[in-house]
Structures are given as structure tokens and as C-alpha cells.
Amino acid sequence: MSFIFFRNSRHLRNCLVIGANVRLLGIYSDKFISSQCIVSPLSTYCEVARRLPETITRFSLKEPKISYQYSDTIHLYQDKKHGGGTIDQTATILVLDLGTTGVNSKKDQITEIAIRDLKGGPDSTFHTLVNPELPLKNHKTNQILTKSNVPRYFCLMLLKWVKSRRMDSKLVLLVAHNGHCFDFPFLVRAFEQNGNQIPNDWLLLDSLPFARQLRHPDGTKLEKGNHKLNDLVTFCNVVPEGSAHKAMADVNALCFVLQHMTFVLKLTITDLIKRSFTPSRYL
DNA sequence: TGCCAGGCCCTCTTTAGGGCCTT
């Protein structure tokens, strides 16, 4: 089997995952570039990482992936003088991050969802890939993930998990960075598509406005363009866990950034609830 | 590298434009 194509032979070669001996002939910048690669069925992450170029990582998941793991408790700022309370007393606070195929919530799809309950403990994180027919692509790490045995729907599982994390009838507060313009519209639409609805007593909170309130020690604002989650990780001296731009790693980063912001800005849980909004905003 | 969507913020100027932020 052979291919003749323009511009980028490496790209096509990297798209092949089925066992076959493949000879590639590429034309690029008026020069002929030929290469040969032997592509075998992929079994483990390590094996694939060893075979493929460093800039591309591709692997197959063999296990159904709904991951529930232990995490430590994240304590937010409490001001008892002004009515602040502990997490246990006021709300179940869940930090969220989504992976998607793009930034258009009307056209693109969710490919990954990660959530962490700040209360911590066993099974305090929820992580899964979704929509197995869609490639998971991160434009910054150039990672492509071929998914198998991945659930198409996650809403019922998420509802069940949140119910298990919820204390009594306390509020549920979902927090995401730039969630108002990105994560929350995607999440609301995903629930709609599955014939579900986000419960009315789930509140949504965008952490980006708080990031814009942060100040340097000399009182000056953070420079424009420095409110990205990665920038906040540096500003807040947070030690990131895991690789950047992966959903659960970003969730963990935002947990500590949120913690830092509540202390610096003296934001109580009550303040966070006051700044939150309901899912009906997107209906 | 820039585009994609869209709400917010900032600047310069008012009802406009550009940039940020998320994948």
C-alpha cells in the first residue's frame, strides 16, 4: 500500500493505527521525501510513546474510564465574623474542567470531563473521557487520543456522583475558569442533548472575574493577558499536579488557585455563592 | 499563525472596537 500526497507525510503516517506495513511518499517544497514506517496495533501507552515521534503521543484505552480517586481537602477562606462558614456547613464545592473538540458550544462536543470535590476524601474526583467517536486533541501539547470503551454519555453518572458527594440538601457550587463563556454552556448543552437537565440547585461560578481582581504586592493589577490559569498558577505560587492542559491537572491547579484567591480577596463561601448563577442562564 | 464563539473588561468614547479566555 502506498500513498502520494502533498506537504506533510508525517501527519498521515501518524494517523495510521491499524497494523500494516506502509510506505509513504511525500512531496514537500518541491522535494520528494520518502519514509517507511511499520505500524502495529497499539497496546500500551509506554509502547506507543516509545514508537512514535516525541511531538505526537497516541494511545488506546483498554479499560472503561470513569475514574474516581482520593484527593486532599482544599480549605477556602473563612471569615466567621462576617458569616463565612466551612465548606461542610454551606455548600458542596466542585471544581470543573472540560476537554472539547473546540470552543463553539453549539457545534463542538465534550471529549473529557474532570471534577474535584474540595471536601476531598475517597472518590472525591470524577474523571472520564466521553464521546468515543471523537478524537481528543490538545492543540498545545499536540496530543491525540484514540478512545475505546469510553462512555458516550456522562450526565447520569455525573448526577449520581454529585448526589453521593452532596451533604444533606446543601447547595452544589460548580466552579470553572472562564466557565461562564466556555465550560458551563458546554455542560448545559450536553445535559440537554441527553434529555437531562442540570438540577436547579446547582450553582455555577466563574473564577475568571476573581482573577481580574488580583493585585501585585504594590497594588497594581495583573497585566492584561495574564489571567490564564497557567499564569495564575505562577502568580499564586501553586505547584501544579500532573501535565498542564489535561482536564484533571487543570482542575487540581484551579483548586489551589481558587483557594489562594479566596484568601487574598477575602472571599467567603457565602461571597462565592452570591457571585454564582443558575444553569437557567444558558437556556 | 490565525481562525473559530461569546460574554466580559478596558479604552476611548458612547454605543464602538479590540483583546482576553476557554479547547
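In what follows, every heavy atom counts, from backbone to side chain, and hydrogens, waters and symmetry copies are set aside. Quick caveat: nothing in here was measured; it's all calculated off a predicted structure. First the proteins, then the strands, lettered A, B, ... as listed; each starts at 1.
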Taking atom C1' in both B:dT15 and B:dC3, what distance in whole Å separates the two? 27 Å
Please report the distance, rounded to the nearest Å, between NE2 in A:His180 and C1' in B:dG6. 9 Å
Indicate, with a heavy-atom threshold strictly under 4.0 Å, whether A:Lys107 touches base, sugar-phosphate, or nothing. nothing
Tell me the interatomic distance from A:Glu112, atom CD, to B:dT22, atom C1', rounded to whole angstroms. 14 Å
Would you say B:dC4 has OP1 or OP2 under 4.0 Å from some side-chain N or O of A:Lys106? no
Roughly how many Å is it from CG in A:Leu204 to P in B:dC8, rounded to a whole number? 14 Å
Could you state the OH-P distance from A:Tyr282 to B:dG6, rounded to the nearest angstrom? 13 Å
Atom pair CD1/CD of A:Ile93 and A:Gln259 - distance to nearest 0.5 Å: 11.5 Å
So, using side-chain contact (heavy atoms from CB on, under 4.5 Å) as the criterion, who are the partners of A:Phe235 when residues are at least two apart? A:Leu214, A:His216, A:Leu222
What is the distance, to the nearest angstrom, from the CG atom on A:Asp206 to the C1' atom on B:dC9? 13 Å
Just the rounded figure in Å: distance from C1' of B:dG6 to CZ of A:Arg281. 12 Å
B:dC20 and B:dC12, which share atom name P, separated by this distance in whole Å: 16 Å
Which sits closer to the 5' end of DNA chain B, A:Leu98 or A:Asn104, going by the nucleotide each is nearest to? A:Asn104
Grab the CZ-P distance between A:Arg189 and B:dA5 for me, whole Å please. 14 Å
Return the set of residues passing side-chain hydrogen bond (donor to acceptor under 3.5 Å, both in side chains) with A:Asn104 (not counting sequence neighbours), or none when no residue passes. none
Return the value, rounded to whole Å, for the distance between atom CG of A:Asp108 and atom P of B:dC3. 17 Å
Distances under 3.5 Å between protein N/O atoms and the N/O atoms of nucleotides 15-21 of chain B, please, pair by pair.
residue: B:dC21; atom: OP1; partner: A:His227; partner atom: N; Å: 2.5
residue: B:dC21; atom: OP1; partner: A:His227; partner atom: ND1; Å: 3.0
residue: B:dC21; atom: OP2; partner: A:Gly225; partner atom: O; Å: 2.7
residue: B:dC21; atom: O2; partner: A:Asn178; partner atom: ND2; Å: 2.8

Reading DNA chain B from 5' onward, which residue's closest nucleotide shows up sooner: A:Gly102 or A:Lys221? A:Lys221
Taking B:dT14 as the reference, what is the distance to B:dG2 when you measure between their C1' atoms (whole Å, please)? 30 Å
Holding to side-chain hydrogen bond (donor to acceptor under 3.5 Å, both in side chains), I want the full list of residues that pass it with A:Asp108, two or more places apart in sequence or in another chain. A:Thr101
Gap in Å between the two C1' atoms, one belonging to B:dC4 and one to B:dG19, rounded: 16 Å
Set of side-chain hydrogen bond (donor to acceptor under 3.5 Å, both in side chains) partners for A:Asn196, sequence neighbours left out: none
With sequence neighbours left out, the residues meeting side-chain contact (heavy atoms from CB on, under 4.5 Å) with A:Ser105 are A:Pro185, A:Phe186
Check the pair A:Asp271 / A:Thr268 against side chain to side chain donor-acceptor pair (under 3.5 Å), numbers first and verdict last. CA-CA 5 Å; A:Asp271 293 329; A:Thr268 64; 3.1 Å; yes
